[in-house]
*Asks:* 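Got a structure here, written out as C-alpha cells. Questions coming.
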Amino acid sequence: NKADPEEKPASRLGYGRAIRSLGMAATKDQAKSASKAYEVYFSLVSRLDDDNDKEAGAMFSEAIIDGIQRNPYAAWEWGMVNRVA
C-alpha cells in the first residue's frame, strides 16, 4: 500500500508473470494469487474509473475489459495462469 501508485500496475503484472513462469509447477494457490494479480493489473491500467460496474450476468467488469484491450498479451498470460488455477 505504500508503493508509488505509478508502480502498482507493473508490480502486479510482474508478480503474475513470475508465477506464470513456473508453468505447471505452480501450485493452485499460487496460480489463483497470480490470476488475482492480473485482474488487479487490468483494473489499474483501465481508462475507466470504477471496477465495480459489472452488469448482471457479466463475468468481468467494464474496467477489466478495458484493461484487457489495452494489453491483450497480458490477457493471454492471464488465461495461461488460469489453466493451472
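The figures that follow rest on heavy atoms only: side chains count, while hydrogens, waters and symmetry mates do not.
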*Asks:* Using every non-hydrogen atom in the two residues, find where Leu44 and Arg12 come nearest and quote the distance to one decimal.
*Replies:*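 Closest approach of Leu44 to Arg12, heavy atoms only: CD1-CG, 4.2 Å.
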*Asks:* Write down the atom of Lys28, the atom of Ala85, and the distance for their closest heavy-atom approach.
*Replies:* NZ-O, 3.7 Å
*Asks:* What are the two closest non-hydrogen atoms of Ala37 and Gly16, and how far apart are they?
*Replies:* CB-N, 4.3 Å
*Asks:* Closest approach of Val81 and Ala34, non-hydrogen atoms and distance?
*Replies:*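 Residues Val81 and Ala34, closest heavy atoms: CG1-CB, 3.8 Å.
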*Asks:* Rounded to the nearest 0.5 Å, how far does CD1 of Ile64 lie from CG of Leu48?
*Replies:*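 With rounding to 0.5 Å, CG (Leu48) is 11.0 Å from CD1 (Ile64).
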*Asks:* Do Asn82 and Tyr38 have side-chain N/O donor and acceptor atoms under 3.5 Å apart?
*Replies:*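 On atom types as modelled, these side chains do not qualify, holding no pair under 3.5 Å.
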*Asks:* To the nearest 0.5 Å, tell me how far Leu13 CG sits from Arg20 CZ.
*Replies:*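 CZ of Arg20 is found 9.5 Å from CG of Leu13.
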*Asks:* In chain order, what residues pass the side-chain contact (heavy atoms from CB on, under 4.5 Å) check against Lys36, with sequence neighbours excluded?
*Replies:*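 Expected list: Glu39, Val40.
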*Asks:* Closest heavy-atom contact between Tyr41 and Pro9?
*Replies:*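 Heavy atoms only, the tightest pair is CD1-O, 3.2 Å.
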*Asks:* At their closest point, which heavy atom of Ala26 faces which heavy atom of Val84, and how far apart are they?
*Replies:*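 Answer, listing the atom of Ala26 first, then Val84: O-CG1, 3.5 Å.
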*Asks:* Are the side chains of Phe60 and Phe42 in touch, meaning some heavy atoms are under 4.5 Å apart?
*Replies:* no
*Asks:* Rounded to the nearest 0.5 Å, how far apart are OG of Ser43 and CD1 of Ile68?
*Replies:* 10.5 Å
*Asks:* Looking at Arg47, is its backbone amide N or carbonyl O close enough to the side chain of Asp66 to form a donor-acceptor pair, meaning the two atoms are under 3.5 Å apart?
*Replies:* yes
